[in-house]
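Down below is the structure, laid out as structure tokens.
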Amino acid sequence: MPEDQDSVTLEDWAGAQNLGLTLLFTDIVDSTRIGIKLADTTWIEALFDHFSMARLIALKYDCYVVKVIGDSLMMAFRRSSEAVQFAVELTQSTGVDYICIRVGIHSGEVEIRRK
């Protein structure tokens with residue numbers, strides 16, 4: 001994952017508009033309940049810690065963070081094996097002791113479209 005990813009589009013990273021990729025989605029288990037319990041400031045700090053850990057782990061892999069969606073990540077990987085390895089690592093070390101995640105992985109042909 002390039003450190004200056006903000007300047008690289010998904011299409012630039014992928015090298016094409018139509019290709020096979022593996023998409024990974026994460027979701028924090030019981031995030032609404034945790035967020036209510038912690039209050040906004042503490043919850044937002046926990047989210048930042050979690051996403052920082054995800055980005056740190058992602059540096060090991062050829063991947064692209066497509067977007068952050070609330071408490072979730074959407075990422076693209078060139079190889080499904082790397083998506084699975086990333087998922088295992090992030091599940092085991094989420095960056096916050098009380099955060100557990102679910103991960104979904106989809107592999108297949110994608111079409112990258114600009115808004």
Side-chain angles (χ1 to χ4, degrees):
M1 178 174 75
E3 290 192 31
D4 63 343
Q5 182 177 303
D6 293 336
S7 63
V8 177
T9 67
L10 177 59
E11 185 178 351
D12 291 338
W13 173 83
Q17 284 185 309
N18 295 292
L19 71 160
L21 286 177
T22 297
L23 299 178
L24 177 142
F25 302 88
T26 68
D27 179 60
I28 295 176
V29 175
D30 292 329
S31 62
T32 301
R33 182 185 57 77
I34 296 168
I36 290 169
K37 181 178 178 181
L38 294 179
D40 288 344
T41 302
T42 305
W43 177 233
I44 290 169
E45 289 172 4
L47 286 176
F48 279 121
D49 290 345
H50 171 62
F51 293 138
S52 292
M53 178 59 76
R55 289 180 186 275
L56 182 65
I57 294 170
L59 290 173
K60 298 178 187 179
Y61 302 101
D62 183 13
C63 62
Y64 185 91
V65 177
V66 177
K67 60 182 163 180
V68 175
I69 312 160
D71 69 327
S72 304
L73 286 170
M74 179 183 179
M75 300 174 70
F77 290 79
R78 295 181 201 282
R79 290 174 288 287
S80 57
S81 61
E82 289 195 344
V84 171
Q85 290 170 338
F86 171 86
V88 169
E89 284 190 52
L90 187 60
T91 300
Q92 293 174 344
S93 182
T94 64
V96 181
D97 291 342
Y98 52 83
I99 286 181
C100 295
I101 63 168
R102 289 181 279 259
V103 179
I105 297 174
H106 171 79
S107 193
E109 295 294 316
V110 299
E111 180 178 343
I112 299 170
R113 294 185 182 187
R114 294 188 182 146
K115 291 183 181 183

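The first residue in the sequence is number 1, and the count goes up from there. What you see is a predicted model, and the numbers here were worked out from it, not measured in a lab.
Atoms CG and CZ, on Leu73 and Phe51 in that order, are 5.0 Å from each other to the nearest 0.5 Å. Expressed to the nearest 0.5 Å, how far CD1 of Ile28 lies from CZ of Arg102 amounts to 10.0 Å. Atom CG of Leu21 sits about 7.0 Å away from atom CG of Leu10, to the nearest 0.5 Å. From Ile101, atom CD1 reaches atom CD of Gln92 across 10.0 Å, with rounding to the nearest 0.5 Å. Atom-to-atom distance recorded for Asp40:CG and Glu45:CD is 11.0 Å, nearest 0.5 angstrom.
Tracing side-chain contacts under 4.5 Å through hydrophobic residues (I, L, V, M, F, W, Y), one never reaches Val29 starting from Ile105; they form parts of separate clusters. Residues Met74 and Phe48 are members of separate hydrophobic clusters, defined by side-chain heavy-atom contacts under 4.5 angstrom among Ile, Leu, Val, Met, Phe, Trp and Tyr. Linking Ile, Leu, Val, Met, Phe, Trp and Tyr residues whenever their side-chain heavy atoms come within less than 4.5 Å places Ile69 and Tyr64 in a single cluster. Note on Ile44 and Ile99: separate hydrophobic clusters, where clusters join Ile, Leu, Val, Met, Phe, Trp and Tyr whose side-chain heavy atoms are under 4.5 Å apart, directly or indirectly. At a threshold of 4.5 Å between side-chain heavy atoms, the hydrophobic network of Ile, Leu, Val, Met, Phe, Trp and Tyr places Ile36 and Trp43 in two separate groups.
For the salt bridge (Lys or Arg N to Asp or Glu O under 4.0 Å) test, residues two or more places apart in sequence or in another chain that qualify with Glu111 are Arg113. Partners of Ser31 by side chain to side chain donor-acceptor pair (under 3.5 Å), not counting sequence neighbours, listed by chain and number: Asp71.
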Might you work through the side-chain hydrogen bond (donor to acceptor under 3.5 Å, both in side chains) test for Thr22 and Ser107, ending with a clear yes or no? CA-CA 4 Å; Thr22 297; Ser107 193; 2.9 Å; yes
side-chain contact (heavy atoms from CB on, under 4.5 Å) between Ser93 and Met53, worked out: CA-CA 8 Å; Ser93 182; Met53 178 59 76; 3.6 Å; yes
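Residue Met75 comes nearest to Cys63 through the heavy atom pair CE-SG, 3.7 Å, listed as atom of the first residue, atom of the second, then distance.
One N or O on the side chain of Thr91 and one on the backbone of Ala87 form a donor-acceptor pair closer than 3.5 Å. Between the side chain of His50 and the backbone N or O of Thr94, at least one donor-acceptor pair lies under 3.5 Å. Here the side chain of Ser72 pairs a donor or acceptor atom with the backbone of Thr26 at under 3.5 angstrom.
The shortest distance between side-chain heavy atoms of Val65 and Arg55 falls below 4.5 Å. In this structure, Thr9 and Trp13 have side chains that are not in contact, with every pair of non-hydrogen atoms separated by 4.5 Å or more.
For Lys60 and Glu89, the salt-bridge test passes: some basic side-chain N is under 4.0 Å from an acidic carboxylate O.
Within the structure, the ring pair (Phe, Tyr, Trp, His ring centres under 6.0 Å) test picks out the following pairs touching residues 70-102 (sequence neighbours left out): Phe77-Phe86.
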